[in-house]
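Owing to the predicted nature of the structure, the values given are computational and were not obtained by experimental measurement. Just so we're on the same page: letters track the sequence lines, and every chain starts at 1.
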There are 2 protein chains.
Amino acid sequence: MVSRTESAAATRRELVAAAAELLDESGPEGVTLRAVGARAGVSRGAPYGHFPDKEHLLAAVAEQCWTGIGDELDRLLADHDLPPAERLERALAGLLDIGRRRPHAYALMFGPASNASAGAAAAVSRTHDQFLSIVSGVIGDPARARQSGALLMTSVHGVVSMENAGHLGVEKWHATGDQLLRRLIGLLAADRSTGDDA
Amino acid sequence: MVSRTESAAATRRELVAAAAELLDESGPEGVTLRAVGARAGVSRGAPYGHFPDKEHLLAAVAEQCWTGIGDELDRLLADHDLPPAERLERALAGLLDIGRRRPHAYALMFGPASNASAGAAAAVSRTHDQFLSIVSGVIGDPARARQSGALLMTSVHGVVSMENAGHLGVEKWHATGDQLLRRLIGLLAADRSTGDDA
DNA sequence: TAGTTCATGTGACGTTGTCATATGAAGACC
DNA sequence: GGTCTTCATATGACAACGTCACATGAACTA
């Protein structure tokens, strides 16, 4: 019925899924190899047949998250009826969304663990390329688009990160993360400077 | 010679200093209560006489870092010969600097641990107020200054965070963190829009 | 059918955070 | 000065953790 390689691949998938679920439910402290194994229906030592250590299991979770975002960006890029500005807005909204609904997974994605495995790093790189492509649809000039894309990406990350850490209280800054990003998008869209910063 | 309260206070200081040193030298994994105690010249259980648990010891480290930045911003604010624009630039440079020279301490400062103790949260709040005050010297309109300050703070944090996690490679984005922030400052300075974003 | 491979289960080890308890010196009171 | 109290620190112990060495048994191969 099930070949050995199929079964092993299924176990690997279940391990990654179990780790992701535990991360969402209980945060990083809840992700123990024993708990992951139990939820995946295997023992505590089983992960070592698929990953060299815990860090690489977490890297696989990060890779899965990045791949999910990448697929979403692919769908946005494939929809040619979508105005470029709205495409960018939806891409940013997707990032904000995962940052708010899955804060622990988000922290993992933007943490050093994403560079622990080659697969995860590739998933990150792919998503960055897609995001730059989406920004290029709005900005035009390639060099300017890259810099604007970088500024958008870092700003979105800064907003989500400070929100999740409780450092972006509206009562202090008189602004929500969404307002900040809308402002930044407006600034970038209205920018008519030359682009040389000597 | 040394009263009991003096000795206890000195031990507490040494524990926080030892934790900060270990954090800088070996990252979060290097900060074990045993190692902290050993470096501070006490035993592994001594921290429990000063902090309810490890998280609060780390919060004390974060508080110390924030207080250090706050003192630096105070010096900038006290120097009335300083042009407001340069004052802001130095404030931002100070944040970038600690983010790059002490990446683990920086991550702790902007992590959830900073909200674990009331003292740490107060140090964060003080620094945010000072930063907003510095931004107000450049922007003028109070509401606009707050929003610009928030955008600057989140963007700086996003840049440093992605740099430290290895997600801001210059070869991909064609931009360094400094260039991104200079661009953002330029955009904010050149902004002449109304301020309503309906 | 016999032999090989390999995913998985299990026992064990060192390390960690944390607590209960013991100790011993500093401060308070007569 | 002697006695009692207080409290910072030291020590032993425990459960949980990541990790490894080894055992097991079923899936492949010949």
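The side chain of A:S7 has C:dT8 as its nearest neighbour among D:dA10, D:dG12, C:dT8. Between C:dA12, C:dA7, D:dT11, one nucleotide has an atom nearer to the side chain of A:A8 than all others, and that is C:dA7.
Taken to the nearest 0.5 Å, the CE atom of B:M153 stands 12.0 Å off from the CG atom of A:L180.
Looking at residues 48-63 of chain A, you'll see A:Y48, A:D53, A:K54 sit with a heavy atom under 4.0 Å from some atom of DNA chain D. Of the residues in residues 20-36 of chain B, those with a non-hydrogen atom less than 4.0 angstrom from any atom of DNA chain C are B:V31, B:T32, B:L33, B:R34.
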Fill in: Derivation of the side-chain contact (heavy atoms from CB on, under 4.5 Å) call for A:L152 and A:F131
CA-CA 10 Å; A:L152 274 170; A:F131 183 71; 4.0 Å; yes

Item to complete: Evaluate the criterion side-chain contact (heavy atoms from CB on, under 4.5 Å) for residue pair A:R126 and A:D129; output intermediate values, then yes/no.
Response: CA-CA 5 Å; A:R126 170 199 175 214; A:D129 287 336; 5.6 Å; no

Item to complete: Carefully, step by step, assess A:R90 and A:I134 under the rule side-chain contact (heavy atoms from CB on, under 4.5 Å).
Response: CA-CA 10 Å; A:R90 288 198 194 178; A:I134 291 179; over 6 Å; no

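Inspection of the B:S155 and A:S155 side chains reveals an N or O donor paired with an N or O acceptor under 3.5 Å. Using modelled atom types, one finds no donor on one side chain facing an acceptor on the other under 3.5 Å when comparing B:S136 with B:R146.
Protein atom CG of A:L15 is 13 Å distant from nucleotide atom P of D:dG18, rounded to whole Å.
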Atom pairs and distances, donor-acceptor, side-chain atoms in residues 101-110 of chain B, under 3.5 Å, two or more places apart:
{"residue": "B:R101", "atom": "NE", "partner": "B:D97", "partner atom": "OD2", "Å": "3.3"}
{"residue": "B:R101", "atom": "NH2", "partner": "B:D97", "partner atom": "OD2", "Å": "2.9"}
{"residue": "B:R102", "atom": "NE", "partner": "B:D24", "partner atom": "OD1", "Å": "3.3"}
{"residue": "B:R102", "atom": "NE", "partner": "B:D24", "partner atom": "OD2", "Å": "2.9"}
{"residue": "B:R102", "atom": "NH2", "partner": "B:D24", "partner atom": "OD2", "Å": "3.0"}
{"residue": "B:Y106", "atom": "OH", "partner": "B:H157", "partner atom": "ND1", "Å": "2.9"}

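Side-chain N/O atoms of B:T11 include one lying less than 4.0 angstrom from OP1 or OP2 on D:dT9.
The hydrophobic cluster containing A:L15 does not contain A:W66, counting ILVMFWY residues as joined when their side-chain heavy atoms lie under 4.5 angstrom apart, directly or transitively.
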